[in-house]
Protein chains: 2
Amino acid sequence: MRERLHARGLRWTPQRRALVTVLSRTHGHVTGAVLVERCREQDPSTTPSTVYRTLEVLEELGIVRHGHGPDGRQQYHVLPDAEHGHLHCRACGGAWEISADEAASIVAALESGRGFAVDLSHVTIVGRCRDCR
Amino acid sequence: MRERLHARGLRWTPQRRALVTVLSRTHGHVTGAVLVERCREQDPSTTPSTVYRTLEVLEELGIVRHGHGPDGRQQYHVLPDAEHGHLHCRACGGAWEISADEAASIVAALESGRGFAVDLSHVTIVGRCRDCR
DNA sequence: GATGTTGCTGCAATACGTTGCAATAACGAC
DNA sequence: GTCGTTATTGCAACGTATTGCAGCAACATC
Ligand SMILES: [Mn+2]
Ligand SMILES: [Mn+2]
Ligand SMILES: [Zn+2]
Ligand SMILES: [Zn+2]
């Protein structure tokens with residue numbers, strides 16, 4: 001991490017170290033607010049603005065990615081095995097991942113039809129799951 | 001409007017009348033915050049909570065639909081001619097609509113593969129447009 | 001180890017939205 | 001028109017996220 005930051009003229013600070021530690025212990029998806037809270041557990045003096053700004057930096061480095069839940073709140077995930085989108089059932093609150101394969105249809109359609117490059121990590125689709133219909 | 005509400009045991013209040021008036025003059029997409037602002041122009045005593053709660057009611061009635069911009073903020077649109085999704089370029093801020101046809105691929109894939117019913121109005125896809133690549 | 005540069009932090013203010021609760025008022029019934 | 005029921009409002013507090021700015025500190029250089 002330290003080297004990745006330095007390579008871009010950025011700095012390795014205690015606050016960043018704390019967030020990276022928190023992230024390394026995180027699996028699956030987390031909201032930004034939860035990450036702030038977990039950093040506070042480590043260091044109660046943690047400020048939200050610093051956490052959110054650090055998350056932006058880490059996203060630029062490709063360490064994390066974010067999307068938004070059905071309510072628009074940020075959801076982060078760390079170093080996913082494979083890029084994927086997100087599926088949420090409005091009725092039961094269930095959440096699933098959309099694989100690149102599954103999304104290939106729309107990604108290809110927008111690519112060839114409009115020359116548009118889709119950010120699959122940021123895609124969230126909301127609706128009703130089989131059980132809730 | 002009055003009858004649609006009464007049919008469900010709901011009430012036709014001045015505050016709802018004001019929002020409906022504002023909406024009737026609205027074309028395309030608007031953020032929730034802008035709607036609050038426009039209601040305030042008509043009646044400065046307007047409260048955000050009332051506006052947002054009324055928007056929920058109107059959405060249940062099918063009068064409006066909402067999605068979220070790339071930043072997660074709410075975007076409403078009134079009685080669209082056809083249901084559609086939303087496409088945003090992260091670089092230039094450009095926005096386009098995704099027709100039902102264009103989205104048919106993914107909607108069908110999730111439907112047949114998982115029995116999932118997609119809410120296309122709520123779909124927002126972010127990435128880079130042809131010009132910005 | 002001291003010094004200068006400049007990226008980062010913390011603070012305070014702001015924006016957007018939601019929620020609990022007590023008071024209000026729309027509505028139907030008489 | 002009056003009255004009772006209960007949906008709705010307005011308020012205050014809270015949750016989530018972003019931004020400008022002044023002071024601080026990580027880093028490279030010597
Ligand atoms: Mn939503
Ligand atoms: Mn986003
Ligand atoms: Zn469900
Ligand atoms: Zn663009």
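Predicted model, so just to flag it, every value in this text is computed and none were measured.
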Straight-line distance of A:Thr50 OG1 to A:Leu19 CG, nearest 0.5 Å
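Separation between the atoms: 10.5 Å.
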I want to verify a distance call: between [options], whose nearest atom is closest to the [X] side chain?
X       : options                : value
A:His6  : D:dA17, C:dG10, D:dC27 : D:dC27
B:Arg11 : D:dT6, C:dT9, D:dC27   : D:dT6
A:Arg53 : C:dC21, C:dT9, C:dC8   : C:dT9
B:Thr50 : D:dC21, D:dT9, D:dT18  : D:dT9

I want to confirm an ordering. Mapping B:Pro48 and B:Thr13 to their closest nucleotides on DNA chain C, which one lands closer to the 5' end?
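Between the two, 5'-proximity favours B:Pro48.
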Using atom [atom1] of [X] as one end and atom [atom2] of [N] as the other, report the distance to the nearest whole Å.
X       : N      : atom1 : atom2 : answer
B:Glu37 : C:dA15 : CD    : P     : 10 Å
A:Glu56 : C:dT9  : CD    : C1'   : 14 Å
B:Leu19 : D:dT8  : CG    : C1'   : 14 Å
B:Leu5  : C:dC27 : CG    : P     : 9 Å
A:Met1  : D:dA26 : CE    : C1'   : 15 Å
A:Glu3  : D:dA26 : CD    : P     : 19 Å
A:Arg17 : C:dC8  : CZ    : C1'   : 14 Å
B:Asp43 : D:dT9  : CG    : P     : 12 Å

Identified side chain to side chain donor-acceptor pair (under 3.5 Å) counterpart of A:His68 within the set A:Gln75, A:His122, A:Arg73
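Result for side chain to side chain donor-acceptor pair (under 3.5 Å) with A:His68: A:His122.
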Pick base, sugar-phosphate or nothing for A:Arg2, based on heavy-atom distances below 4.0 Å to the nucleic acid.
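Sugar-phosphate, no base atom in range.
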Touch class at under 4.0 angstrom, heavy-atom based, for B:Gly9 against every strand present:
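The answer is sugar-phosphate, as B:Gly9 gets under 4.0 Å only of primed atoms, P, OP1 or OP2.
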Verdict with supporting geometry, B:His27 and B:His29, side chain to side chain donor-acceptor pair (under 3.5 Å)
CA-CA 7 Å; B:His27 301 289; B:His29 303 84; over 6 Å; no
Can you see if the side chain of [X] gets near the phosphate of [N] - specifically, an N or O under 4.0 Å from OP1 or OP2?
X       : N      : answer
A:Tyr52 : D:dT18 : no
B:Arg73 : C:dA15 : no
B:Arg16 : C:dA26 : no
A:Gln15 : D:dA25 : no
A:Gln75 : D:dA17 : no

Do the rings of A:His77 and A:His86 sit parallel, tilted or perpendicular, given the 30° and 60° boundaries?
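A:His77 and A:His86: tilted rings.
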Hey, which of these two, B:Asp71 or B:Ser49, hits DNA chain D nearer its 5' end, going by closest nucleotide?
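That would be B:Ser49.
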Please assess B:Ser99 against B:Asp101 for the test side chain to side chain donor-acceptor pair (under 3.5 Å), listing each intermediate value before the final yes or no.
CA-CA 5 Å; B:Ser99 70; B:Asp101 273 2; 5.2 Å; no
Could you check whether any side-chain N or O of B:Arg133 sits under 3.5 Å from a backbone N or O of A:Gly115, counting only pairs where one atom can act as donor and the other as acceptor?
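Yes, the answer is positive, given that a donor and an acceptor are paired below the 3.5 Å cut-off.
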